[in-house]
Enquirer: 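First the structure, then my questions, so here it is.
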Amino acid sequence: MAANVPIILNNGRTCPVLGLGTWKSKPGEVAQAVKDAIDAGYRHIDCAHVYMNEKEVGQALKEKFDEGAVKREDIFITSKLWCTSHRPDLVEGAIKTTLSNLGLDYLDLYLIHWPQAFKEGEEIFPTGADGKVIPSPVDFVDTYKEMEKLVEKGLTRSLGLSNFNKKQIERVLEVASVKPVMLQIEVHPYLNQQKLIDFCKLHDIAITAYSPLGSPDRPWAKPDDVKLLDDPKLKAIGDKYGKSSAQVLIRYAIDRGLIVIPKSVSKNRIVQNFNVFDFQLTLDDIMEISSLECNGRICSMGDTHHPDYPFHDEY
Ligand SMILES: NC(=O)C1=CN([C@@H]2O[C@H](COP(=O)(O)OP(=O)(O)OC[C@H]3O[C@@H](n4cnc5c(N)ncnc54)[C@H](OP(=O)(O)O)[C@@H]3O)[C@@H](O)[C@H]2O)C=CC1
Ligand SMILES: O=C1CO[C@H](CO)[C@@H](O)[C@@H]1O
């Protein structure tokens with residue numbers, strides 16, 4: 001239970017179990033959040049080109065490096081290749097844009113954000129007259145093979161996948177000469193992902209749990225949606241330990257052997273979310289929390305017609 005013990009990845013590198021999420025963190029807020037997180041002890045920041053705030057994350061990192069609070073090698077930075085840059089000739093330019101925005105010369109982990117490739121161009125969600133996203137014919141296997149060159153070139157230490165299903169991961173594993181170290185997926189008690197997690201364990205691929213608190217600030221949330229953080233079972237378990245539901249949810253990931261990246265821009269929540277290394281859930285707690293499973297996926301991208309849409313399969 002020592003603070004933020006790292007997980008050992010299949011290439012021998014390590015990743016701190018608890019990181020800060022940055023999706024929806026506004027450019028005006030995210031720099032302070034990253035600085036507060038580093039001061040609180042976080043050594044892992046989850047970023048993405050599509051979050052449109054990597055420059056501000058980079059400014060915060062620079063400040064912390066300059067003041068000597070942390071060294072580059074002490075912090076784990078993840079970013080993600082967006083769907084409009086899957087075409088192999090666009091991949092190196094995409095990571096270089098991210099690195100330039102973050103003010104870094106390498107990433108620790110670069111993920112394919114989604115298996116679906118979109119029509120290349122400036123638009124994040126290129127949409128046709130029918131209102132549907134316009135696919136690109138690029139196969140994610142070709143994208144992955146191109147990303148392997150980024151490791152050779154020193155632009156990222158490791159590669160991984162996000163939002164891929166079992167079959168899609170198998171296709172990557174068949175061709176990979178640089179094995180993916182990580183799968184980043186939505187995981188919380190309403191979507192506990194046990195089958196996909198077991199599959200990844202067999203292949204020595206670590207899991208990062210995203211939206212661990214149920215993403216209450218997701219843009220498409222409706223006022224009458226059930227809020228995971230308000231679930232009475234979580235509150236009752238938290239009361240036993242003098243911890244909040246958010247802390248129970250973070251521990252639910254860590255105690256299942258996962259890496260977890262709660263997002264916050266509020267200093268006291270950033271500190272609270274890190275204050276989880278002085279308690280542990282019992283197996284009974286974990287079983288009880290897992291019984292909340294209801295296939296409650298929050299982040300589905302909506303474009304179910306895309307040939308590489310990952311969530312038609314059971315897992
Ligand atoms: N690979 C992918 O496709 C995806 C990756 N992600 C990554 O995972 C991260 C986390 O997921 P995300 O969807 O943001 O949602 P989370 O489940 O982390 O929830 C974030 C929300 O919870 C609130 N919150 C944070 N801490 C507490 C607390 N202690 N008590 C009460 N409320 C709290 C935050 O508010 P406030 O900020 O005001 O504190 C915010 O509204 C993302 O930010 C992103 O980095 C997320 C979705 C998809
Ligand atoms: O990380 C994520 C959050 O925002 C994106 C755009 O809405 C999602 O698609 C993605 O999964």
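All figures in this text were calculated on a predicted structure; none of them were measured in a lab. Read the numbers this way: they start at 1 and go in the same order the structure lists the ligands and their atoms.
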Enquirer: Do the side chains of Ile77 and Val50 join up, straight or via other hydrophobic residues, at under 4.5 Å, putting them in one cluster?
Expert: no
Enquirer: Looking only at heavy atoms, what is the nearest atom pair of Ile95 and Leu155, with distance?
Expert: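 It is CD1-O, 3.7 Å.
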Enquirer: Could you pull out every protein residue that has a heavy atom closer than 4.0 Å to ligand 2, ordered by chain and then number?
Expert: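 Only Trp23, Tyr51, Trp82, His113, Trp114, Phe125, Met301 have heavy atoms that fall under 4.0 Å of ligand 2, ordered by chain and number.
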Enquirer: For Asp308, is there an ion pair with Arg171 - N to carboxylate O distance below 4.0 angstrom?
Expert: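 Result for this pair is no, no salt bridge flagged.
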Enquirer: Side-chain heavy atoms under 4.5 angstrom apart, residues restricted to Ile, Leu, Val, Met, Phe, Trp, Tyr: same cluster for Val248 and Leu191?
Expert: no
Enquirer: Measure from the ring center of Trp114 to the ring center of Tyr309 and say whether it is less than 6.0 Å.
Expert: no
Enquirer: State whether Lys64 and Asp39 are salt-bridged, where the test is any N-O pair (Lys NZ or Arg NE/NH1/NH2 against Asp/Glu carboxylate O) under 4.0 Å.
Expert: yes
Enquirer: Between Asp231 and Tyr190, is there a side-chain donor-acceptor contact under 3.5 Å, judged purely by atom types and distance?
Expert: yes
Enquirer: Does a donor on one side chain and an acceptor on the other come within less than 3.5 Å for Asn268 and Gln272?
Expert: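 Short answer, no.
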Enquirer: Does Glu170 pair with Lys167 as a salt bridge, N-O distance under 4.0 Å?
Expert: no
Enquirer: What does the contact table look like for ligand 1 (nitrogen or oxygen on each side, cut-off under 3.5 Å)?
Expert:
residue, atom, partner, partner atom, Å
ligand 1, 1 (N), Ser162, OG, 2.9
ligand 1, 1 (N), Gln184, OE1, 2.9
ligand 1, 3 (O), His113, NE2, 3.3
ligand 1, 3 (O), Asn163, ND2, 2.9
ligand 1, 6 (N), Tyr51, OH, 3.4
ligand 1, 11 (O), Ser211, N, 3.1
ligand 1, 13 (O), Ser211, OG, 2.8
ligand 1, 13 (O), Ser215, OG, 2.7
ligand 1, 14 (O), Lys24, NZ, 2.7
ligand 1, 17 (O), Pro212, N, 3.3
ligand 1, 17 (O), Leu213, N, 2.8
ligand 1, 17 (O), Gly214, N, 3.3
ligand 1, 17 (O), Ser215, N, 3.0
ligand 1, 18 (O), Lys263, N, 2.9
ligand 1, 26 (N), Asn273, ND2, 3.0
ligand 1, 29 (N), Gln272, OE1, 3.0
ligand 1, 29 (N), Asn273, OD1, 2.9
ligand 1, 35 (O), Arg269, NH1, 3.1
ligand 1, 37 (O), Lys263, NZ, 2.8
ligand 1, 37 (O), Val265, N, 2.9
ligand 1, 38 (O), Arg269, NH1, 3.1
ligand 1, 39 (O), Ser264, OG, 2.6
ligand 1, 39 (O), Arg269, NH1, 2.9
ligand 1, 41 (O), Asp217, OD1, 3.3
ligand 1, 41 (O), Asp217, OD2, 3.2
ligand 1, 43 (O), Thr22, N, 3.2
ligand 1, 43 (O), Trp23, N, 2.9
ligand 1, 45 (O), Thr22, N, 3.2
ligand 1, 45 (O), Asp46, OD2, 2.6

